[in-house]
2 protein chains.
Amino acid sequence: MKLHQHIQKFTASGDEIVQSIIQKFTCIHTRKKELLLGEGERCTDYFYVETGCLRLYFVDEKGAEQTIQFALEGWWLTDLDAFHKNAAAAYSIQVLEGGTVMKINKPALDELMKKYPVLENYFRQVYQRSYSAALYRFKTLRMSKESSYDLFESNYPDFIQRIPQKMLASFLGFTPEYLSELRKRKAGKK
Amino acid sequence: MKLHQHIQKFTASGDEIVQSIIQKFTCIHTRKKELLLGEGERCTDYFYVETGCLRLYFVDEKGAEQTIQFALEGWWLTDLDAFHKNAAAAYSIQVLEGGTVMKINKPALDELMKKYPVLENYFRQVYQRSYSAALYRFKTLRMSKESSYDLFESNYPDFIQRIPQKMLASFLGFTPEYLSELRKRKAGKK
DNA sequence: GTCATTTCTTAAACCAGCTTAAGTTTTTTT
DNA sequence: AAAAAAACTTAAGCTGGTTTAAGAAATGAC
């Protein structure tokens with residue numbers, strides 16, 4: 001979903017206002033494996049996915065990539081803390097599936113927020129939804145790995161087809177080998 | 001911190017406006033172990049902790065209580081999803097430490113949000129902070145249990161003294177027995 | 001101040017999920 | 001179309017953390 005549609009959907013505001021907001025964003029075309037933000041770099045931008053898919057991850061003490069978050073169409077992604085503090089990123093953002101992404105930097109966003117109350121309302125809702133989803137994910141992470149996988153599968157059946165299994169394993173918090181074993185076990189049961 | 005101070009701190013808005021907002025909230029005094037919300041009940045209220053401490057938890061398939069979130073002074077807590085959908089709660093909220101709490105129901109909050117743009121701004125910041133903290137916690141949950149504990153200890157040294165160990169264990173995602181063992185090991189090292 | 005309840009500790013047996021390593025399949029590059 | 005790289009599978013051995021169970025310490029109730 002295009003960003004201006006998304007803002008209109010959430011705020012039911014007029015076309016002109018939304019157009020003047022949208023102008024301040026930059027549209028970029030992303031390619032698979034491209035890095036939009038690297039761990040340690042200054043985090044300057046906030047990304048909205050119109051099409052394609054991004055992931056937020058970090059590299060743990062053992063050198064393994066740990067995926068914290070995916071962003072599909074209609075979701076925002078950045079290292080929030082670093083973005084708002086204009087600090088070095090604790091995570092990297094990589095393109096999993098190419099597409100188009102809208103981005104904006106902190107000064108521009110702050111200015112827009114001041115100028116358009118509708119945008120405060122929009123981001124209040126966006127964050128509310130994100131935090132709510134986070135609470136739900138904390139819950140699923142407390143279950144056994146198997147239940148955690150089952151739940152993800154039933155919530156996002158299409159998404160599972162789109163991404164490499166190792167990414168999913170890393171998101172759910174287990175090894176690719178174990179995911180492979182799990183799937184084998186499940187296939188046998190059916 | 002009192003709610004009106006908190007709103008003023010985040011929004012730098014005038015005393016009168018904040019006073020008329022505050023009026024719509026109800027102040028309650030909480031007692032240790034009291035249940036402010038029970039799993040399965042309709043979730044009607046959103047809580048702001050002025051003093052004391054709350055926890056959000058659910059009961060897993062094995063009957064164990066799993067703590068998702070603590071709320072200390074200055075933090076908001078509810079089953080966000082259920083609150084905004086006016087639905088049955090997937091979690092319970094219990095008082096860990098008595099004190100005073102401000103609460104508000106959905107219709108009242110919606111009305112205030114419409115009337116006072118300053119409140120949109122306030123909650124945008126509150127959610128932003130919450131979501132940012134959630135991302136950080138996802139990161140810590142990917143580490144070994146020991147690192148996860150060490151990090152919590154260095155981030156909240158005082159808080160550890162305030163709550164029962166089994167609550168902390170349940171928040172960090174391990175058993176009280178294991179936490180006990182961990183602490184013993186650490187005490188030995190020093 | 002005493003009894004009852006809850007919390008914390010200890011230790012042994014156990015298991016879900018990880019590691020390692022080698023082979024197979026798929027995707028990407030040229 | 002071939003070669004290279006990346007992703008997935010399989011299986012054996014291992015380990016971080018759980019389970020179970022019983023006792024000790026702290027807290028709360030009357």
Side-chain angles (χ1 to χ4, degrees), chain A residues 30-35 53 55 57 59-67 70 94-98 140-153 159-190, chain B residues 30-35 53 55 57 59-67 70 94-98 140-153 159-190:
Chain A
T30 59
R31 287 199 187 167
K32 198 169 179 174
K33 296 198 180 171
E34 185 184 344
L35 215 60
C53 177
R55 69 189 266 249
Y57 69 95
V59 178
D60 71 16
E61 48 244 353
K62 293 179 188 161
E65 293 183 357
Q66 299 287 344
T67 302
F70 294 122
Q94 189 193 34
V95 179
L96 275 190
E97 213 176 70
T140 66
L141 288 175
R142 286 304 167 77
M143 303 169 173
S144 70
K145 306 276 169 173
E146 183 163 358
S147 314
S148 189
Y149 174 79
D150 288 346
L151 220 48
F152 190 89
E153 193 184 30
F159 187 47
I160 286 197
Q161 317 300 340
R162 281 172 62 178
I163 53 166
Q165 271 186 51
K166 59 178 246 184
M167 297 293 170
L168 177 58
S170 138
F171 178 76
L172 293 175
F174 41 84
T175 59
E177 291 82 3
Y178 186 65
L179 176 54
S180 197
E181 198 187 313
L182 249 185
R183 287 169 63 100
K184 187 184 168 193
R185 226 159 62 208
K186 286 188 185 302
K189 277 188 192 163
K190 284 173 197 167
Chain B
T30 59
R31 285 198 190 168
K32 199 170 176 173
K33 294 198 181 172
E34 186 183 343
L35 215 60
C53 176
R55 68 188 265 250
Y57 69 96
V59 178
D60 70 16
E61 48 244 352
K62 292 180 189 161
E65 292 182 355
Q66 298 287 345
T67 302
F70 294 121
Q94 188 193 35
V95 178
L96 274 190
E97 211 176 70
T140 66
L141 288 175
R142 287 304 169 77
M143 303 170 174
S144 70
K145 307 275 169 174
E146 182 161 358
S147 313
S148 188
Y149 173 79
D150 288 345
L151 220 47
F152 190 89
E153 193 183 32
F159 187 47
I160 286 198
Q161 318 299 337
R162 280 171 64 178
I163 52 166
Q165 273 185 50
K166 58 178 242 181
M167 299 291 169
L168 178 58
S170 137
F171 178 75
L172 294 175
F174 42 84
T175 60
E177 292 81 4
Y178 185 65
L179 176 55
S180 198
E181 198 186 313
L182 250 186
R183 287 168 63 98
K184 187 183 168 194
R185 226 160 60 208
K186 285 186 185 302
K189 277 190 193 162
K190 283 172 197 165

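So you know, we letter chains A, B, ... as the sequences are listed, proteins then strands, and number each from 1.
- Spacing between atom CE of A:Met143 and atom P of C:dA16 amounts to 18 Å, rounded to whole angstrom units.
- For C:dT28, neither phosphate oxygen OP1 nor OP2 lies less than 4.0 angstrom from any side-chain nitrogen or oxygen of A:Lys33.
- Distances from the side chain of B:Ser180 to the nucleotides C:dT9, C:dG17, C:dC8 place C:dT9 closest.
- Between A:Lys145 and the phosphate of C:dG17, there is no side-chain N or O to OP1/OP2 separation shorter than 4.0 Å.
- With respect to the salt-bridge test (charged N to carboxylate O, under 4.0 angstrom), the residues A:Glu97 and A:Arg162 qualify.
- Nearest nucleotide to the side chain of A:Gln165, out of D:dC8, C:dG17, C:dC8: D:dC8.
- For the pair A:Phe174 CZ and C:dA16 C1', the interatomic distance rounds to 12 Å; values are reported in whole Å.
- The nearest whole Å value for the distance from the CG atom in B:Leu179 to the P atom in C:dT9 is 8 Å.
- We find that CG of B:Leu96 is positioned 15 Å from P of D:dT27, with the value rounded to whole Å.
- Atom pair A:Met167:CE and C:dT27:C1' shows a separation of 14 Å (rounding to whole Å applied).
- With salt bridges taken as basic N to acidic carboxylate O contacts below 4.0 Å, none links B:Lys186 and B:Glu181.
- You'll find that the side chain of A:Glu177 is closest to C:dT20, out of D:dT19, C:dT20, C:dC8.
- A salt bridge is defined here as a Lys NZ or Arg NE, NH1 or NH2 lying under 4.0 Å from an Asp or Glu carboxylate O, and B:Arg185 with B:Glu146 meets this definition.
- Closest to the A:Tyr178 side chain, of the nucleotides D:dA21, D:dG16, C:dA16, is C:dA16.
- A sub-4.0 Å separation between OP1 or OP2 of D:dA11 and a side-chain N or O of A:Lys184 is present.
- Side-chain rings of B:Phe174 and B:Tyr149 stay apart, their centers remaining 6.0 Å or farther from each other.
- At whole-Å resolution of the value, NZ in B:Lys166 and C1' in C:dT5 are 11 Å apart.
- For B:Lys32, a side-chain nitrogen or oxygen approaches OP1 or OP2 of D:dG28 to under 4.0 Å.
- Checked against the 6.0 Å centroid threshold, B:Phe171 and B:Tyr57 do not count as a close aromatic pair.
- Taking atom NZ of residue B:Lys62 and atom C1' of nucleotide D:dT18, one finds them 8 Å apart after rounding to whole Å.
- Atom pair A:Ile163:CD1 and D:dA7:C1' shows a separation of 13 Å (rounding to whole Å applied).
- Mapping A:Thr175 and B:Arg183 onto DNA chain C by nearest heavy atom places B:Arg183 at the nucleotide closer to the 5' end.
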